[in-house]
Protein chains: 2
Amino acid sequence: MAADGNESHIRLAAETWESLFRAQVAVMRRLQAGAAFRKVAINEYDVLFTLSRCPSGWLRLNELNDHVLLSQSSLSRLVERLEKRGLVVRMAAPDDGRGVLLKLTEEGAALQKEIGREHVRDISSLVGPALTAAEQRELQRLTEKLRHSVGARPAK
Amino acid sequence: MAADGNESHIRLAAETWESLFRAQVAVMRRLQAGAAFRKVAINEYDVLFTLSRCPSGWLRLNELNDHVLLSQSSLSRLVERLEKRGLVVRMAAPDDGRGVLLKLTEEGAALQKEIGREHVRDISSLVGPALTAAEQRELQRLTEKLRHSVGARPAK
DNA sequence: CCGATTTTCATGCGTTTGCATGTATCGACG
DNA sequence: CGTCGATACATGCAAACGCATGAAAATCGG
């Protein structure tokens, strides 16, 4: 195989990522413009959503940080705001004195559901017409595979 | 078809988007941690990159704004900073007194290339092992289709 | 068991962001 | 040609962010 066999492989990966990134930007722009995000910012909703999907209801702050594209300090203050608004409650972790557990309040859960419904409608009106069901399933499969390969944990 | 045929279609779209979004977050986290983004922030690099791909060299500020996930005012100030650092130059648009054209300086072009090379290596080391070449091509096709369907222009 | 290192979260501080608004130009229409 | 709404960019200001650091608890090594 020629030397540029490797080169073209590198380029393919870069182009694939750029395409994925641009698609994400395009969709995100439309979602942010939607009425669903008047009450809470996108990152705040992301936290509420992640908490709503948590089986036990309680989630550690550092686990939450793996899901969200935010620094640790920014997440700390974001959660502080959510708590002030009465949407989540904090609790010291029972098995680890350093840790903090989070849970949605009833009000927080209600707000998440309300916004979530609207959000899901916006999403399906964007993604639904764009791709066939089979294509959506394939896109889901590929992005899941990519995410799991990359791993949730960054080096630091 | 049953009523929940539509419901499941909505859910599929939402799950597809969530998967795409999480993959983007996971990859972006790793990229931001890389050494490539010590000198310029990710949004700043995105601007330099977009300018480097522009055939004429000059690009209108409002067109740039379609590519980047930033408000108009934030982009205005981001460009102001890049100009102060000597990476881009501004020029009044010849055919439109309101418009502003942007171009990379030689220093800006050199920096973009330098960071771009490193960035591309980081990307390929993340995406390359995750998906086969055929899968990458398919992912690229699907995300391009999604982006074009959604359209670059948000409502406002 | 004790000191050193690591992990987890909070906080000070300068920077960046978005919203609302201001200014200038463009385009349409009578 | 003058007026009126729309568009493009800049700016004041408060909110949100990341980096560096601090404090408290856990973990490791002798």
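Every chain is numbered from 1, with letters handed out A, B, ... down the list of sequences.
Side-chain atoms of B:Arg60 lie closest to D:dA8 of the nucleotides D:dG18, C:dA10, D:dA8. Each of C:dC9, D:dA25, D:dT11 was ranked by its minimum atom distance to the side chain of A:Leu61; first place goes to C:dC9. Side-chain atoms of B:Arg98 lie closest to D:dT7 of the nucleotides C:dA10, D:dT7, C:dT16.
Smallest separation of non-hydrogen atoms from A:Ile123 and B:Trp17: CD1-CD1, 3.3 Å. For the residue pair A:Arg147 and B:Ala26, the shortest heavy atom distance occurs at CG-CB, 4.0 Å.
For A:Leu69 and B:Val100, each mapped to the nucleotide of DNA chain D holding its nearest heavy atom, the one lying further toward the 5' end belongs to B:Val100. Comparing A:Pro94 and B:Gln32, the nucleotide of DNA chain D nearest to each residue sits closer to the 5' end for B:Gln32. Sequence order on DNA chain C of the closest nucleotides to A:Ser74 and A:Asp96 puts A:Asp96 first from the 5' end.
Judged by atom type and distance alone, B:Arg77 does not reach the base of C:dT16 through any side-chain donor-acceptor pair under 3.5 Å. For D:dC9, the base has no donor-acceptor partner in the side chain of B:Ser73 [N/O atoms by modelled type, under 3.5 angstrom]. Between the side chain of A:Gln72 and the base of C:dA10 there is at least one donor-acceptor pair of N/O atoms closer than 3.5 Å.
Side chain to side chain, A:Ser74 and A:Ser71 meet the donor-acceptor criterion of an N or O pair below 3.5 Å.
Atom CD in B:Glu83 sits roughly 13 Å away from atom C1' in D:dC9 (whole-Å rounding). Between the CG atom of B:Leu78 and the P atom of D:dT11 there is a distance of 15 Å, rounded to whole Å. Between the CG atom of B:Leu70 and the C1' atom of C:dC19 there is a distance of 14 Å, rounded to whole Å. Atom-to-atom, CG of A:Asp95 to P of C:dT7 comes out at 17 Å; the value is rounded to the nearest Å. In this structure, B:Lys84 atom NZ and C:dT15 atom P are separated by 11 Å, rounded to whole Å. In this entry the distance linking CZ of B:Arg38 with P of D:dA20 reads 9 Å, nearest Å. Rounded to an integer number of Å, the gap from CG of A:Asn65 to P of C:dA10 is 11 Å. Atom P of nucleotide C:dT15 and atom CD1 of B:Ile42 are separated by 21 Å, given to the nearest angstrom.
Note that CZ of B:Arg22 is 11.5 Å distant from NE2 of A:His148, once rounded to the nearest 0.5 Å.
A donor-acceptor pair under 3.5 Å is formed between the side chain of B:Ser124 and the backbone N or O of B:Arg121.
Taking side-chain N and O atoms only, B:Arg90 has no distance below 4.0 Å to OP1 or OP2 of D:dA8. Applying the 4.0 Å criterion to OP1 and OP2 of C:dT17, one finds that B:Ser71 has every side-chain N and O outside that range.
If you check every strand for non-hydrogen atoms under 4.0 Å, A:Leu75 touches nothing.
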